[in-house]
Amino acid sequence: MASRQKAKASGSLQASTTLSAWGRGKMRGGAVFGLSTGCSCCSSAPWGQIIGGGGACVPMYGEESRKQEVSLRTEQLQQVRHSVLVWGSRCVLFRRSEQGLDVHARSSSFRPLFSPSSKALPAFGQGEFPDSKELTPLSERRDRWGGAARIRGLMADTQYILPNDIGVSSLDCREAFRLLSPTERLYAHHLSRAAWYGGLAVLLQTSPEAPYIYALLSRLFRAQDPDQLRQHALAEGLTEEEYQAFLVYAAGVYSNMGNYKSFGDTKFVPNLPKEKLERVILGSKAAQQHPEEVRSLWQTCGELMFSLEPRLRHLGLGKEGVTTYFSGDCAMEDAKLAQDFLDSQNLSAYNTRLFKVVGQEGKYHYEVRLASVLNTEPALDSELTSKLKSYEFQGNHFQVTRGDYAPILQKVVEHLEKAKAYAANSHQEQMLAQYVESFTQGSIEAHKRGSRFWIQDKGPIVESYIGFIESYRDPFGSRGEFEGFVAMVNKDMSAKFERLVASAEQLLKELPWPPAFEKDKFLTPDFTSLDVLTFAGSGIPAGINIPNYDDLRQTEGFKNVSLGNVLAVAYATKREKLTFMEEEDKDLYIRWKGPSFDVQVGLHELLGHGSGKLFVQDEKGAFNFDQETVINPETGEQIQSWYRSGETWDSKFSTIASSYEECRAESVGLYLCLNPQVLQIFGFEGTDAEDVIYVNWLNMVRAGLLALEFYTPETANWRQAHMQARFVILRVLLEAGEGLVTVTPTTGSDGRPDARVHLDRSKIRSVGKPALERFLRRLQVLKSTGDVVAGRALYEGYAAVTDAPPECFLTLRDTVLLRKESRKLIVQPNTRLEGSEVQLVEYEASAAGLIRSFCERFPEDGPELEEVLTQLATADAQFWRDQVQEAPSGQA
């Protein structure tokens, strides 16, 4: 990672700074408050976070400084909440000396304690920051008041909290549900129940503490709804803002099915003092009714709920984060070994987790555990049961077992069985029967068979899919997170997508790779616009192209789904919330963002994910391409690499597979939206069509800048596949040059760092299209040929984030974090069976409304489910014990 060389700030106060190689500096002029933090590096000098705000300098020496700090915090700090001193957007630690203020440490990973304002933020001249490992980041310091992330209970980093004013929207599906027949409603109801039950497995797929947090919150709000609990919280000394922060946190846990953001894999913590939340919980009605259970839950998850120890800030493998797809002692080499083992046995990783222990003989023992209702019980599926045994593989012991999430999947199976009675046709009946088989036995092959019937079920009124589907959150990129959705067809938009499907074969010819690199036959898919009734999992996408099984996609086809009411939530944009855009672009963007996104989603799903061929050699040695005649357009030579039997796109490209494929699909969307035929299908011609193209491209390059929020400099890792893809596209278009795209650092009207993205619409076709054409061809050729080495070099090269001029992306990342907007939370309805009729139950668009929706989601067996979740989590807690012990008391 390149060092940040220069930082600038502006305002009303002038000072100069000169720093030597180890980061010692001097600052003159200005009034600051200093908060002593008891430096662990030097016992004789006071160190502190410098806070500007128009007061006299307050020296903080010895024990007297502690009294002064308390006085300062209670009497003055609230008056300067808006004026924490930052250098650029970095928090900086200083030491007072006779000559001035010595720079002691800076943290690029933590935001200011409060949002600076133009009136109070001091301005400093230009200075140099060294790339010195001797400087101790604030994020790694522990003071005597509660650790790195807090100073006296005040949150230090907005990356790790959900703001009180976070957007909350409700999914509107009332009209679509009203149009369903009684039988269709019953079908949708039982599928929804199956999805919601299965979605609970995501808690066990996210973090060791997530099931306990969910159980604690559910017990709390079952005993007292948000309004009732509010009175108790205020009586316990919480402010209105602090209680709202708790509601937002709880809503975030429910919405993300865990305490890590589904989009970005970043941990979020409650934005209030831990001691206050503890008083609320232990004094609640739930605690009065079940004191031992509530106290036990709090003792199990309370510290981890707040901990921001470096390893716990993000999902990841080994030292780079936390994951429950693997035991805590697994590293990337273990994941690769396990994948090689699975490939050797022709087993899919989609429904597995990996647990590692050291045997008595000192040899590693790996348990590959399949998700299923059955555990050791005999089963009829001899194909799978023959694989449930011990193996020796490359000097290691492997044991294939099953029964993961068994009680949860039992609930899923029960409702899938009930849904079969209301199926509209035999395809749906056979699909559900195979899903039941899959979840009962732990068989991905059965899920594939169910997916075949699903593909054949064209144009259903009630659409659904369920299983271990997307691998975005597996650090290795092979294991699927559970999700299930139920939705109803939006006929008007679906008609446009049908016309796009009808044109697909012709449009595929426009893509910039030779015909041999395209599927032998285009299998006409279903493409519908749906209004979501239920989407259980960690998050809700805007569009879906499934199934993800490569062999089915190549030979059987797939379905495309655009989620209309989800897109409607995404369209809702306020002008003042539009960051990094030219003022003259904002009104145009607001007008055309929705229509342009419809076009992009349609192309992305149908012709992005739906295009391209994989060159495969099967188990008999036969190839699905002509080795003699097919030529690699990048090298001019015959094909030198391909996929062997058992290898898949995900298993072969592993950690980059998801993002690489999203980048390919996004690039196809940008490329084909230039085609007039595509725009006519969606009803755009002339000036309107040109505006749709411009806004679509502008949205992509802006998203590339916004993507920096999801990059972690400390580990050089991307945490979100789609956003990494959009950054890569931004880099490709910047590389095209000729002024097509520029990103310019500026100072905002509030005096804080800002930036502007500019896209020259006159050069989209002349400069942008050729650049995208070259890039797209390389992406597809490397994917088709399974050339992992060249594919990684290409993709990781563009995905690298440095401070190299002219863009200086690491510095721009600070600006993006300073001005980021949190993703909206989405409130979903429930269905309720009253006699033989199904009712739709809707909730208000607020954190409290989202909480109520979950409290009413499992009316019959809520407490039982919470007990199941905590029992399952406790049974496997040993696998993350060392990781959990890294979270000492009071780390946030």
Side-chain angles (χ1 to χ4, degrees), residues 161-162 164 166 168 196-197 199-204 206-230 232-233 236 238 242-262 267-274 276-307 536 538 825-828 830 843 846-859 861-874 892:
I161 63 170
L162 302 178
N164 280 13
I166 191 169
V168 184
W196 286 124
Y197 279 116
L200 295 173
V202 177
L203 294 160
L204 296 159
T206 300
S207 70
E209 67 274 15
Y212 301 102
I213 296 173
Y214 174 90
L216 179 62
L217 294 174
S218 296
R219 300 210 169 197
L220 200 65
F221 289 112
R222 187 183 302 109
Q224 293 170 281
D225 75 13
D227 290 339
Q228 294 169 336
L229 190 64
R230 174 180 172 274
H232 164 62
E236 288 289 352
L238 269 68
E242 288 169 335
Y243 182 64
Q244 178 64 21
F246 173 55
L247 291 185
V248 167
Y249 174 78
V253 170
Y254 287 130
S255 184
N256 292 277
M257 270 289 98
N259 56 329
Y260 286 76
K261 297 175 186 176
S262 64
K267 188 174 186 178
F268 56 96
V269 300
N271 189 23
L272 71 159
K274 176 173 172 283
K276 286 191 172 185
L277 181 55
E278 182 175 26
R279 290 202 304 270
V280 171
I281 290 172
L282 298 184
S284 67
K285 187 175 179 180
Q288 293 169 13
Q289 294 171 343
H290 306 284
E292 292 184 8
E293 294 176 15
V294 171
R295 181 173 292 277
S296 176
L297 285 170
W298 173 252
Q299 289 174 344
T300 302
C301 68
E303 297 294 347
L304 284 167
M305 186 187 292
F306 281 84
S307 177
S538 65
L825 303 179
I826 296 181
V827 182
Q828 299 186 56
N830 284 319
Y843 301 88
S846 67
L850 200 156
I851 292 167
R852 289 189 181 97
S853 73
F854 266 87
C855 289
E856 296 181 11
R857 194 142 283 156
F858 305 104
D861 50 8
E864 173 196 336
L865 291 171
E866 291 143 26
E867 186 173 353
V868 163
L869 285 167
T870 55
Q871 287 175 348
L872 291 174
T874 301

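Because the structure is a prediction, the values reported are computed rather than measured.
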**OP:** Starting from the C-alpha separation in whole Å, work towards a yes-or-no answer on side chain to side chain contact (heavy atoms under 4.5 Å, CB included) for Leu200 and Phe858.
**Re:** CA-CA 11 Å; Leu200 295 173; Phe858 305 104; 4.0 Å; yes
Subject >> Results of salt bridge (charged side-chain N to carboxylate O under 4.0 Å, His left out) for Asp225 - residues two or more places apart only >> reply: none
**OP:** Could you tell me the separation between the CG atom of Leu247 and the CG atom of Leu162, rounded to the nearest 0.5 Å?
**Re:** 12.0 Å
Subject >> Results of side chain to side chain donor-acceptor pair (under 3.5 Å) for Ser255 - residues two or more places apart only >> reply: none
Original post:
Would you call Asp861 and Tyr197 a side-chain contact if the rule is heavy atoms closer than 4.5 Å?
Top reply: yes
Subject >> Partners meeting side chain to side chain donor-acceptor pair (under 3.5 Å) with Glu278 (sequence neighbours left out) >> reply: Trp298
Original post:
Between atom CG of Leu825 and atom CD1 of Ile166, what is the distance when rounded to the nearest 0.5 Å?
Top reply: 4.0 Å
**OP:** Quick one: pull up CG in Leu282 and CD in Glu236 and give me the separation to the nearest 0.5 Å.
**Re:** 9.5 Å
**OP:** Using side chain to side chain donor-acceptor pair (under 3.5 Å) as the criterion, list what pairs up with Glu864, not counting sequence neighbours.
**Re:** none
Original post:
Taking atom CG of Leu204 and atom CG of Leu869, what is their separation to the nearest 0.5 Å?
Top reply: 5.5 Å
**OP:** Start with the C-alpha gap between His232 and Gln224, add the side-chain angles, then the distance that decides, and say whether side chain to side chain contact (heavy atoms under 4.5 Å, CB included) holds.
**Re:** CA-CA 9 Å; His232 164 62; Gln224 293 170 281; 4.1 Å; yes
Original post:
What heavy-atom pair brings Ala250 and Ile851 nearest, and what distance separates the two atoms?
Top reply: CB-CD1, 3.8 Å
Original post:
Which residue pairs pass the side chain to side chain donor-acceptor pair (under 3.5 Å) test when at least one of the two sits in residues 865-874, sequence neighbours left out?
Top reply: Tyr212-Thr874, Arg219-Glu866, Arg222-Glu866, Glu867-Gln871
Original post:
Nearest heavy-atom pair of Trp196 and Ala536: which atoms, and what distance?
Top reply: CE3-CB, 3.6 Å
Subject >> Which atom of Gln288 lies closest to which atom of Gly283, heavy atoms considered >> reply: NE2-O, 3.4 Å
Original post:
Centres of the Phe221 and Phe854 rings: under 6.0 Å?
Top reply: no
Subject >> Least distance between heavy atoms, Arg852 atom then Asp227 atom >> reply: NH2-OD2, 3.1 Å
Original post:
Run the side chain to side chain contact (heavy atoms under 4.5 Å, CB included) check on Leu277 and Met305 step by step: do they pass?
Top reply: CA-CA 11 Å; Leu277 181 55; Met305 186 187 292; 3.9 Å; yes
Subject >> For Tyr243, all residues meeting ring-ring contact (aromatic ring centres under 6.0 Å, His included), sequence neighbours excluded >> reply: none
Original post:
With Tyr260, which residues qualify under ring-ring contact (aromatic ring centres under 6.0 Å, His included), at least two apart?
Top reply: none
Subject >> Contacts of type ring-ring contact (aromatic ring centres under 6.0 Å, His included), residue Tyr843, not counting sequence neighbours >> reply: none
Original post:
Between Ser307 and Glu303, is there a donor-acceptor pair closer than 3.5 Å when you use the side chain of the first and the backbone of the second?
Top reply: no
**OP:** Working to the nearest 0.5 Å, report the span between CD1 of Ile281 and CG of Leu216.
**Re:** 4.5 Å
Original post:
Sequence neighbours excluded, which residues qualify as salt bridge (charged side-chain N to carboxylate O under 4.0 Å, His left out) partners of Glu856?
Top reply: Arg832
Subject >> Carboxylate-amine/guanidinium contact Glu242 Lys276, below 4.0 Å >> reply: yes
**OP:** For residues Leu217 and Tyr254, report the shortest heavy-atom separation together with the two atoms involved.
**Re:** C-OH, 3.5 Å
Subject >> Heavy-atom pair with the smallest gap, counting every atom of Leu203 and Pro211 >> reply: O-CD, 3.7 Å
**OP:** Report the residues that fulfil salt bridge (charged side-chain N to carboxylate O under 4.0 Å, His left out) with Arg230, sequence neighbours left out, ordered by chain and then residue number.
**Re:** Glu240
**OP:** Test Tyr249 against Ile161 for side chain to side chain contact (heavy atoms under 4.5 Å, CB included), laying out the working first.
**Re:** CA-CA 8 Å; Tyr249 174 78; Ile161 63 170; over 6 Å; no
Original post:
Between the side chain of Asn256 and the main-chain N/O of Ser262, is any donor-acceptor distance below 3.5 Å?
Top reply: yes
Subject >> side chain to side chain donor-acceptor pair (under 3.5 Å) involving Ser846 - partner list, sequence neighbours excluded >> reply: Glu844
Original post:
Of all residues at least two apart in sequence or in a different chain, which pass the salt bridge (charged side-chain N to carboxylate O under 4.0 Å, His left out) check with Lys267?
Top reply: Glu209
Subject >> Steps toward side-chain hydrogen bond (donor to acceptor under 3.5 Å, both in side chains) verdict (Ser207, Asn259) >> reply: CA-CA 8 Å; Ser207 70; Asn259 56 329; 2.8 Å; yes
